[in-house]
Amino acid sequence: MKKLVRWVRIELGLYRNSKYETQYLNETNIRTAIYMSIVVISLEIWMLIRYVDKRPGLTFLEYFDGWTNYLILLSSAAISLTFAIRFRVRENAEERKKSIAGIVVGLLFLLLDILMFVRFVHVRKNMSFGDLFDESKYLIMLTILICAYLVFEFFFSSISHRSAAIYGQFLNVLFALICLGFGIETSVYDVSKERQILCFVTMVIYAACLLIWKPYVSIIILSVSFTYFYKDWKPIMEAYDSPYAQKILEANQINYLTFWIALTMVSISIYQQRLSEAKKDENLVAANKHLRKLAVEDELTGISNIYQFVQDAEEVMMNTSEPRIYLFINIENFKNYNDQFGYLAGNIFLKKIARLIKKTFEDCPVARQAYDHFVVLAHVDGVTEKVNSLREQVISINTDIYIDVNVGSYTPQSEMSESTVLTSQSTSSEQEMKAAGKMIDPRIAIDRARFACSLLKHKYDKHYMEYDSKINSDFHKRQYIVNNIDNAVEKGYIKVYYQPVVWSESHTLCGCEALARWDDPKYGFLSPADFIPVLEEYRQIHKLDKCIWETVCRDIQNVSSQGMHPIPVSLNFSRLDFELMDTATVLEELVEKYKVNKHDLHIEITESALTDDMGVLQSSINKLKEDGFSLWLDDFGSGYSSLNVLKDYSFDVLKIDMKFLSSFDSNEKSKIILNMIIDLASSLGMYSLTEGVETEEEADFLARVGCGRLQGYYFGKPMPLDQIIEKINNGTYVIKRLV
């Protein structure tokens, strides 16, 4: 039953439409009124011409007595058409101005209306007030229609688009009522003259079907119109004293009811169709609005996103002479907050942070870049005080978990160009420097502020870092590394240096570790500390590692081709290597390409790589093990999950981190721990290797406690292949292969 009631309510329109649906239907009616008005104007002009042509002897004023209804309908159609055109112009125009032509049209028809009114009253001066009012009701409606239009025209610029559409619907109602009244009176007159009721039929179709009303309104309009017309039509038909007239009346009653039903169904169908179009259009508009909102607004916090920030920053920098500074804000320890309270609480926390930043840097472009990172284009004056104030507010939000703020800044006007920094030759004036600062891409400025902020990591006594010339030099070096790694690999700037690994008992050579070096034509000899962290951060490390692997395989092939026995070499694998390429397949292809014995390649995997996500690496490591490669666990003891790693993975060699030897002489605990680790490795069936050996005392101790292999500057620094071969040839190193 409820479903039936709901269906009836929907079909009859007995519910409140959304604002958009109402607006859509109103505007559709206004557009429809254009065509309806043109048709009515054409018909009425034709009827007026016929009327005047058939009555050539009448004076000018006498014409108003017989064809006032024609003029009323013509005037209402003309006003409706003028309004509809002005509404469409207003809808598309950038500026909303009054139209002299529109006002003139309204005033002319108002004068015509007044003239018709005066003549109408004069001719019917003997009528009672009630009868006079009843006969002049269409003139009154026309007057209201014209006055409403003129009000709209005079206040054209201040009326909202939605209000204008409501105005149009009101005018359409008056126009429809005038059309219906004209149709009824004209057809009643035609029936009395033994003519058809086509005028009534036409006007009902115009008013009820062309214009869109809610179904229940259409039913009311049609029912009232048909009833009113039938009330005047039936007596006329009955007055004809003829059986033929009675049969016509009976037949027409059936046709009349059928026509009412048909028009009602058509009206409901048209309304439902247009309403469906309105709903689809509303959904499309809502989707576009949401997309536009996403294009400029951060979905979580409600402040600008980075794309909108870039546009705002460009506009600010081009239209201000006041110095500005870019800030990159990082919420320190936010990951732990998420882990403790969950992501929902973390999102609420980020919203609070966003509001605090926006309030602290009022009237400044503010955006969330990503995750827990925010950016601001702030005023230089007072920026330090505002940063400190923001820190205090953020820290005070939650006292259960330590949360802080790190901020990196970049001032465009204070930074010289990259070439100037590198050559220290500046010829730019201060004005030129500031102009260059204004033109800098905000994304580059943000990246530099972010880089300054990244330098605060692990500096717990400092929370604000300004991008200066030294940082600028480091920053450009980082960018150079990322942008030129492919070129360095292709041009052979990446070199392999080999560091000896010796047996602890005899100090004879048992292998080498392959280490990367970058000999760059611009920056010279780059340290691994310069480029390896950068390549890992930008997920380019696999390009370097693959280059090193291939160079080592090529070197082993060259050594073998010269009749020398190759030295076993250990290769470093990054965690990202397993993500960014199929390491097992790549290594197999290199072994096949250079005809290298797998026993001459040892794979070093750092402990930290295995603690992030065991599932990601497990299958690849197992595949390498199955393929016959020796697996080494590198940097053991540098992380927090070493014992879990030993439990979950099977390695051939345990490589002990050099940090254990950093306090060898002064801290007896180091020796105890080293001894225990070596015993643990032996118990698990692994060989042990300690790196970072720099003194004879360290070497002797490690040999006594059973560490089988040693590596460090005491036995040799990393060196090119030709140097290590030379040392082998001159007897500095004696080779004893691993077993």
- pair Ile306-Ile446: side-chain heavy atoms closer than 4.5 Å: yes

- Item | Sidechain-backbone polar pair: Thr227 side chain, Val224 backbone, donor-acceptor under 3.5 Å | no

- Indicate yes or no for a side-chain donor-acceptor contact from Ser80 to the backbone of Ser76 under 3.5 Å, with no hydrogens or angles considered. no

- Task: Look at atom CD of Gln272 and say whether more than 12 heavy atoms of other residues, nucleotides or ligands are closer to it than 6.0 Å.
- Result: yes

- Check whether more than 12 heavy atoms from other residues, nucleotides or ligands sit under 6.0 Å from atom NZ of Lys352, and answer yes or no. no

- Enter the distance from Leu275:CG to Asn17:CG here, rounded to the nearest 0.5 Å. 5.5 Å

- Message: Can you tell me which residue among Leu198, Val204, Thr202 is in a side-chain contact (heavy atoms from CB on, under 4.5 Å) with Phe200?
- Response: Val204

- Side-chain donor/acceptor of Asn29 to backbone N/O of Leu211, under 3.5 Å: no

- Sub-4.5 Å side-chain heavy-atom contact between Leu142 and Met116: yes

- Between atom CG of Leu171 and atom CD of Gln169, what is the distance when rounded to the nearest 0.5 Å? 9.5 Å

- Taking the side chain as every heavy atom from C-beta outward, state whether Leu390 and Phe361 have any pair of such atoms under 4.5 Å apart. yes

- Query: Are any side-chain N or O atoms of Ser225 and backbone N or O atoms of Ile221, one a donor and one an acceptor, separated by less than 3.5 Å?
  - Reply: yes

- Task: Before giving the answer on side chain to side chain contact (heavy atoms under 4.5 Å, CB included), spell out for Thr82 and Phe109 the whole-Å C-alpha distance, their side-chain angles and the decisive distance to 0.1 Å.
- Result: CA-CA 11 Å; Thr82 306; Phe109 279 101; 5.9 Å; no

- Message: For a 4.5 angstrom cut-off between non-hydrogen side-chain atoms, does Ile144 reach Phe170?
- Response: yes

- Between CZ on residue Phe117 and CG on residue Asp113, distance to nearest 0.5 Å: 6.5 Å

- Item | Gap between atom OG1 of Thr28 and atom CD of Glu277 - 0.5 Å precision | 7.5 Å

- Query: Does Thr320 use its side chain to pair, donor to acceptor, with the backbone of Val316 at less than 3.5 Å?
  - Reply: no

- Would you mind reporting whether Leu180 and Tyr228 have side-chain heavy atoms less than 4.5 Å apart? no

- Item | Residues Gln393 and Ser389: side-chain donor-acceptor under 3.5 angstrom | yes

- Report the residues that fulfil salt bridge (Lys or Arg N to Asp or Glu O under 4.0 Å) with Asp312, sequence neighbours left out, ordered by chain and then residue number. none

- Task: Kindly state whether the ring of Phe226 and the ring of Phe259 have centres lying under 6.0 angstrom apart.
- Result: yes

- Item | More than 12 heavy atoms of other groups within 6.0 Å of Lys137 NZ | yes

- Approximate separation, where rounding is to 0.5 Å, of Leu377 CG and Tyr410 OH: 12.0 Å

- Would you call Val105 and Arg86 a side-chain contact if the rule is heavy atoms closer than 4.5 Å? no

- Message: Please tell me whether Gln23 and Glu27 have a donor and an acceptor in their side chains that are separated by less than 3.5 angstrom.
- Response: yes

- Query: So do the side chains of Phe374 and Leu327 get within less than 4.5 Å of each other, counting heavy atoms only?
  - Reply: no

- Message: Can you tell me if Leu344 has over 12 outside heavy atoms packed within less than 6.0 Å of its CG?
- Response: no

- Would Tyr307 and Gln311 count as having a side-chain donor-acceptor pair, cut-off 3.5 Å? no

- Can you tell me how far CD1 of Ile212 sits from CG of Asn172, rounded to the nearest 0.5 angstrom? 10.0 Å

- Item | Heavy-atom side-chain contact between Tyr24 and Glu282 under 4.5 Å | no

